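Heads up: the structure comes next, in structure tokens.
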Amino acid sequence: MEGLTQACCLIQHRRFDQTEEFTDREGVPRLGEVWRHRQGTDSWGEKREGAAAGEEEEEEEEEGTLWSGYGSESEEDASRDEGPNCSLNQTENKKRGRDSSGDERLLLLLKDVKGLSCDSLDSLSRACPNIYSISVNVDDFENTGGRSQGSLLAAGLQTWSGQLRSLSVHYPGPLADLLPALQVAGSSLVSLTLEGVKTSPHTPLLEVIETCPRLRDLLISAEPPTTPQGAADEEDQGDGQDLPQLPNLCSLTLNFSYEHSQMKPVMSWMSLKRVLKCLLTGSPLLEKLSLVSLPCPLDCVLEDVLHVLDVDQYLFAESTNSPPMPLGRVQRIDLPRTDVKMLTVRGLMQRSQRLKYVDVSCCWRISQLEWLNCETSSKVQVVWS
């Protein structure tokens, strides 16, 4: 979105004269004229001269730009007091092109924006209050004026709090830095992508899950912890009953970077097992699962989840209203470079009748013979190398 930040600043400060060379060359009305016409009692559509109304309205709609002034308030609006209806008034102000002080402004009807930087969020939020999907590249070298990248991102997302449905962040720093931003925007998110983040044994992944209870798609591509987690620091696994869950989650991707020359990942984040069990048992609608090069044992976690399935199946054997079974709907599983065993993979096949594809490439506890036997005795496509 090259130039979007400058465009939003121009609109925000109404420096329309900077666009006159472009509008004159393209034969379209000058922005200053459009704004003055919009403020008047007549609509711009009635005053414009030249081109056919239908064609220009189509172009205007395709551009996705709303020139929105407030006009005169209705008696109903004027009679509203601040209080319980304050948030409703703010929403109405957004639609009419008014900020919190009642000043008129221009709005853009953008709803999905990709490739932004942190320093562009403030201008964008003023010109585009209706965004529901956003992608941000957070650079360690951005000039933040002494503020942390996490707080800057949180402040930039504040305008869309409660309405943002999809958020993608590329950040080559600690995942923990992004928690304030997720606390601002997470409540309404259905899709979250975090790429390039760094982790440690104390990364607050459970808190991330807790801030985004409505997620359907979660993708985290991260660097593993660089220092192993000590036994004294490992969290108690517990039974997971009080842990946050993602009951609507359909796709889970948790991929860690690795050196191709290294056969096994370093088990540097043992407490991640607790998070994995929380996600797998608390997401019964899961259809796609990708866990790559995990810095913790996985096989024991899957065994525990399958045991939960066995117990639940026994308890609800006579019930016609049995709850959805964890991993019962999964269709694709990718587990490269993990310690999973073939016996566990067969258990997953038995639990999900919808399973079509399993990738166990570079899983060092699975032999070629086991893979061949599974490949010939199952309808599921199993990839191994």
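Quick caveat: nothing in here was measured; it's all calculated off a predicted structure.
Sorted by first then second residue, the salt bridge (Lys or Arg N to Asp or Glu O under 4.0 Å) pairs that include residues 357-384, not counting sequence neighbours, are Asp339-Arg365. For the salt bridge (Lys or Arg N to Asp or Glu O under 4.0 Å) condition, no pair includes a residue of residues 212-222, sequence neighbours left out.
Proximity of Asp334 to Asn255: side-chain heavy atoms (C-beta onward) are nowhere separated by under 4.5 Å. Contact of the Ser352 side chain with the Val330 side chain is registered, since non-hydrogen atoms from C-beta on lie closer than 4.5 Å. Within the 4.5 Å cutoff, side-chain heavy atoms of Leu192 are placed close to those of Leu182. A 4.5 Å side-chain heavy-atom check between Leu215 and Val190 finds every atom pair outside the cut-off. Considering only heavy atoms from C-beta on, Ser221 comes within 4.5 Å of Leu219 through its side chain. Using a 4.5 Å heavy-atom cutoff, the side chains of Ile220 and Val197 are in contact. Looking only at side-chain heavy atoms (C-beta outward), Cys374 and Met349 come within less than 4.5 Å of each other. Between Ser293 and Ser257, every side-chain heavy-atom pair lies at or beyond the 4.5 Å cut-off.
Linking ILVMFWY side-chain heavy atoms closer than 4.5 Å, directly or via other members, places Ile209 and Leu285 in two distinct hydrophobic clusters. Residues Leu372 and Ile366 share a single hydrophobic cluster, defined by chaining ILVMFWY side chains whose heavy atoms lie under 4.5 Å apart. Val340 and Trp384 fall within the same hydrophobic cluster, defined by Ile, Leu, Val, Met, Phe, Trp and Tyr side-chain heavy atoms under 4.5 Å apart, directly or through other members. Both Leu306 and Leu252 are members of a single hydrophobic cluster when ILVMFWY side chains are connected at heavy-atom separations under 4.5 Å. Leu249 and Leu348 fall within a single hydrophobic cluster, where Ile, Leu, Val, Met, Phe, Trp and Tyr are joined by side-chain heavy atoms under 4.5 Å apart, directly or via other members.
Shortest non-hydrogen contact noted between Cys118 and Val138 is SG-CG2, 3.9 Å. Between Ser271 and Pro201 the shortest heavy-atom distance is OG-O, 3.6 Å. Considering every non-hydrogen atom in both Val208 and Leu175, the closest pair reads CG2-CD2, 3.7 Å. Residue Ser125 comes nearest to Gly156 through the heavy atom pair CB-O, 4.4 Å, listed as atom of the first residue, atom of the second, then distance. Shown here for Pro213 and Pro247, the closest heavy-atom pair between the two residues is O-CD, 4.1 Å. Heavy atoms only, all atoms of each residue included: Leu206 and Arg274 are closest at CD1-NH1, 3.9 Å.
Ser151 places a side-chain N or O within donor-acceptor distance of the main-chain N or O of Ser148, the cut-off being under 3.5 Å. The closest donor-acceptor contact from the side chain of Thr211 to the backbone of Gly186 lies at 3.5 Å or more, if one exists at all. Between the Glu26 side chain and the Val28 main chain, no donor and acceptor come within less than 3.5 Å of each other. The backbone N or O of Glu223 sits less than 3.5 Å from a side-chain atom of Thr199, completing a donor-acceptor pair. Ser200 places no side-chain N or O within 3.5 Å of a backbone atom of Pro225 that could act as its donor or acceptor partner. Trp269 places no side-chain N or O within donor-acceptor distance of the main-chain N or O of Pro224, the cut-off being under 3.5 Å.
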- Query: Given the rule in the side-chain contact (heavy atoms from CB on, under 4.5 Å) test, do Leu276 and Lys273 qualify, once you have shown the distances and angles that lead to the verdict?
  - Reply: CA-CA 5 Å; Leu276 291 172; Lys273 294 187 294 182; 5.5 Å; no
- For the pair Met263 and Trp364, evaluate side-chain contact (heavy atoms from CB on, under 4.5 Å) and give the outcome as yes or no after the intermediate values. CA-CA 8 Å; Met263 179 181 176; Trp364 60 90; 3.4 Å; yes
- Give the C-alpha distance, both sets of side-chain angles, the deciding distance and a yes or no for side-chain contact (heavy atoms from CB on, under 4.5 Å) between Leu189 and Ser166. CA-CA 6 Å; Leu189 290 179; Ser166 177; 5.7 Å; no
- Message: Would Val360 and Val382 count as a side-chain contact (heavy atoms from CB on, under 4.5 Å) here? Give the steps.
- Response: CA-CA 7 Å; Val360 288; Val382 182; 4.0 Å; yes
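In this structure, the separation between OG on Ser133 and NZ on Lys114 is 5.0 Å, given to the nearest 0.5 Å. If you take CD on Gln245 and OG1 on Thr281, they are separated by 6.0 Å, rounding to the nearest 0.5 Å. Once rounded to the nearest 0.5 Å, the distance linking OG1 of Thr159 with CG of Leu121 reads 9.0 Å. Atom-to-atom distance recorded for Arg346:CZ and Ser378:OG is 7.0 Å, nearest 0.5 angstrom. Going from atom NZ of Lys111 over to atom CG of Leu109 covers 7.0 Å, rounded to the nearest 0.5 Å. Considering OG of Ser283 and CG of Leu279, their distance stands at 5.5 Å, rounded to 0.5 Å.
The number of heavy atoms from other shown groups lying within 6.0 Å of CG (Leu343) does not exceed 12. The neighbour count for Glu259 CD, taken as heavy atoms of other residues, nucleotides or ligands under 6.0 Å away, does not exceed 12.
The side-chain tip of Arg165 does not point at the ring of Tyr132 from less than 6.0 angstrom away and within 45° of straight on.
Under the side chain to side chain donor-acceptor pair (under 3.5 Å) test applied with Tyr171, the options Asn137, Asp139, Asp177 reduce to a single match, Asp177.
Residues Asp119 and Ser117 bring a donor and an acceptor atom of their side chains to less than 3.5 Å of each other.
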